[in-house]
Amino acid sequence: MSFAEHLQISLSRQTLTARMDDGALLTYPVSTAANGPGEANGSGCTPRGEHYIRACIGAGAPRCTVFRGRRPTGEIHTPELASACPDRDWILSRILWLCGREPGRNRGGDVDSMRRYIYIHGTPDTEPMGTPASHGCVRMRNDDVIALFERVLPGTAVTITE
């Protein structure tokens, strides 16, 4: 199996493209922040610039496993659970936790992507892709984030552009 050498997230196109070590390109639809691009803590924006995957969380978890604080809650997302908890920001299936590489832009101080808990993660299948709708993270379809998770490692480079 080939592995991703680099992930490119385009905020304007709402896509994630994985450049694989065998030369292939895999492109997935995503949903980034409803508030647009930005780096400040508390902004609800998706940070731009050079990042890397700090941690890969959820290996082997069932599809639609619910995470809180990067830990599985024991729940599996269903329409019934969604109806019972309509205001939850669902983090499902897998988490790729991002860390900024650029001091003063997305690393350190009030702009630290890792301390902002910026993830690439699964979201309910009812949520739109290709439309900014998140609270800052990069949302993916569950099947897509599970497939991507199997092809990345901690340290994989991630670039987020407008």
Side-chain angles (χ1 to χ4, degrees), residues 1-34 36-37 44-82 85 88-101 106 113-114 116-162:
M1 177 187 328
S2 61
F3 283 88
E5 292 181 333
H6 184 261
L7 305 180
Q8 176 81 35
I9 298 165
S10 169
L11 302 179
S12 62
R13 289 191 300 275
Q14 294 291 291
T15 58
L16 182 154
T17 301
R19 187 179 72 232
M20 308 305 289
D21 58 10
D22 64 2
L25 294 176
L26 305 176
T27 301
Y28 303 96
V30 298
S31 177
T32 61
C45 296
T46 300
R48 295 160 290 191
E50 300 300 322
H51 293 79
Y52 67 93
I53 297 173
R54 180 185 190 281
C56 300
I57 300 166
R63 183 183 188 281
C64 292
T65 293
V66 177
F67 289 88
R68 270 212 176 158
R70 296 159 308 284
R71 303 267 189 273
T73 64
E75 301 164 298
I76 300 294
H77 185 272
T78 62
E80 296 76 24
L81 182 61
C85 307
R88 275 173 82 174
D89 181 23
W90 300 102
I91 297 173
L92 306 178
S93 297
R94 303 290 184 274
I95 298 170
L96 302 173
W97 191 0
L98 301 183
C99 184
R101 290 188 186 269
N106 57 31
S113 295
M114 188 185 76
R116 289 182 59 205
Y117 303 103
I118 300 296
Y119 311 140
I120 299 168
H121 66 81
T123 197
D125 293 330
T126 55
E127 291 297 309
M129 289 294 117
T131 302
S134 81
H135 298 103
C137 289
V138 177
R139 296 176 177 175
M140 295 182 74
R141 292 268 172 250
N142 291 293
D143 290 341
D144 291 347
V145 78
I146 291 168
L148 180 64
F149 185 93
E150 297 301 320
R151 293 173 167 249
V152 298
L153 297 168
T156 300
V158 178
T159 303
I160 303 175
T161 60
E162 287 194 54

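As the structure is a computational prediction, the values presented were derived from the model and not from experiment.
- Side-chain contact between Gln14 and Met129 is absent, with no heavy atoms from C-beta onward closer than 4.5 Å.
- Proximity of Asp125 to Arg141: side-chain heavy atoms (C-beta onward) are separated by under 4.5 Å at one or more points.
- Across every non-hydrogen atom of Pro124 and Leu92, the tightest pair is N-CD1, 3.5 Å.
- For the atom pair NE2 (His121) and OG (Ser134), the distance works out to 6.5 Å, reported to the nearest 0.5 Å.
- Side-chain contact, Gln8 with Thr161: a donor N or O sits under 3.5 Å from an acceptor N or O.
- Sorted by first and then second residue, the pairs that involve residues 11-21 and meet salt bridge (charged side-chain N to carboxylate O under 4.0 Å, His left out), not counting sequence neighbours, are Glu5-Arg19.
- Closest approach of Trp90 to His77, counting heavy atoms only: CD2-CD2, 3.5 Å.
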Could you tabulate the donor-acceptor pairs under 3.5 Å formed by side-chain atoms of residues 64-71, not counting sequence neighbours?
| residue | atom | partner | partner atom | Å |
| --- | --- | --- | --- | --- |
| Thr65 | OG1 | Pro62 | O | 2.6 |
| Arg70 | NH1 | Tyr119 | OH | 2.9 |

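- For the atom pair CZ (Arg139) and CD1 (Ile120), the distance works out to 14.0 Å, reported to the nearest 0.5 Å.
- At a threshold of 4.5 Å between non-hydrogen side-chain atoms, the residues Pro37 and Ile160 do not count as touching.
- Glu162 places no side-chain N or O within 3.5 Å of a backbone atom of Ser12 that could act as its donor or acceptor partner.
- Within the 4.5 Å cutoff, the side chain of Ser31 has no heavy atoms near those of the Glu127 side chain.
- To the nearest 0.5 Å, the span separating CE on Met140 from CZ on Phe149 amounts to 12.5 Å.
- Taking both residues in full, the closest heavy atoms of Ser93 and Ala61 are given as O-CB, 4.2 Å, listed atom of the first, atom of the second, then distance.
- For the residue pair Thr17 and Thr27, a side-chain donor N or O sits within less than 3.5 Å of a side-chain acceptor on the partner.
- Side chain of Arg88 to main chain of Leu81: no donor-acceptor pair is present (N/O by atom type, distance under 3.5 Å, no hydrogens or angles).
- Listed here is the closest heavy atom pair of Arg94 and Gly60: NH2-N, 3.8 Å.
- The backbone N or O of Thr123 sits less than 3.5 Å from a side-chain atom of Asn142, completing a donor-acceptor pair.
- Looking at heavy atoms from C-beta onward, Leu7 lies in side-chain contact with Leu148 at the 4.5 angstrom threshold.
- Contact check for Ile53 versus Leu98: side-chain heavy atoms found under the 4.5 Å cut-off.
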- Task: Might you work through the side chain to side chain contact (heavy atoms under 4.5 Å, CB included) test for Leu96 and His51, ending with a clear yes or no?
- Result: CA-CA 11 Å; Leu96 302 173; His51 293 79; over 6 Å; no

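- For the residue pair Ser113 and Gly100, the shortest heavy atom distance occurs at CB-N, 4.0 Å.
- Within the 4.5 Å cutoff, no side-chain heavy atoms of Thr46 are placed close to those of Ile118.
- The two atoms that bring Asn106 and Arg101 nearest to each other are OD1-N, 3.1 Å, heavy atoms only.
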